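Computed from a predicted model, the values in this text were never measured in an experiment. Letters A, B, ... are given to chains in the order of the sequence lines, protein chains preceding strands, and every chain is numbered from 1.
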Number of protein chains: 2
Amino acid sequence: MTMFMDVHHGMAGITAEQLKAAHEADLAVQDREGVEFRQAWADPESGTVYCLSSAPSKEAVQRVHERTGHPADEVHPVPLQV
Amino acid sequence: MTMFMDVHHGMAGITAEQLKAAHEADLAVQDREGVEFRQAWADPESGTVYCLSSAPSKEAVQRVHERTGHPADEVHPVPLQV
């Protein structure tokens, strides 16, 4: 399993409730792809959302996000962490 | 204190040792700006580094990174987290 950081743009005005709902939708379907979403952070002003996950591939991360209606604009493996 | 996610581009080929050294340099000088760097993640292939911190302002985050020789390309407040 590799760690991934994915980024969503265009989410200006996102609320805490919307972020929570999107995250919970991902959690509800992630098992079938072997993905584990860990944390997510949002900047409502610039409309940027970052999601940290562990997953077998970037395609698996994207499939979860697509299934829940919010595909990521970028998915980066982040094998290095401190 | 607000949480911030900052992003560095152009770091292709970064190693685990370089990420650790950069993070430790930030930790060594962060107190004077009231910043607390929490975690950092790197994608050596695309050359992207993400740093999560709590700080009084985005300018404070950037001053720490400038002082240690690696200014961020983007600094986003991320007041929403799950």
### Query
So which of B:Met3, B:Met5, B:Glu24 has the biggest tally of heavy-atom pairs under 4.5 Å with chain A?
B:Met5

### Message
Tell me the closest heavy-atom pair linking A:Thr48 and B:His76, and the distance in Å.
### Response
OG1-CE1, 4.1 Å

### Query
chain A heavy atoms under 4.5 Å from B:Glu74: which part of the residue, side chain, backbone, both or neither?
side chain

### Message
Is there a path of hydrophobic side-chain contacts, each under 4.5 Å between heavy atoms of I/L/V/M/F/W/Y residues, joining B:Phe4 to B:Trp41?
### Response
no

### Message
I need the contact set between residues 50-68 of chain A and chain B: heavy-atom distance under 4.5 Å, sorted by residue number.
### Response
A:Tyr50, A:Leu52

### Task
Using the rule that two of Ile, Leu, Val, Met, Phe, Trp, Tyr join whenever any of their side-chain heavy atoms come within less than 4.5 Å, decide whether B:Val49 and B:Val75 are in one cluster.
no

### Message
Could you check whether any side-chain heavy atom of A:Gln81 comes within less than 4.5 Å of a side-chain heavy atom of B:His23, counting everything from C-beta outward?
### Response
no

### Query
Counting heavy-atom pairs under 4.5 Å to chain A, which of B:Leu80, B:Val78, B:Thr15 comes out on top?
B:Leu80

### Message
Side-chain heavy atoms nearer than 4.5 Å, only ILVMFWY residues, links allowed to pass through others: does that put B:Val82 and A:Val29 together?
### Response
no

### Query
Is it the side chain or the backbone of A:Val7 that comes within 4.5 Å of chain B heavy atoms, both, or neither?
side chain

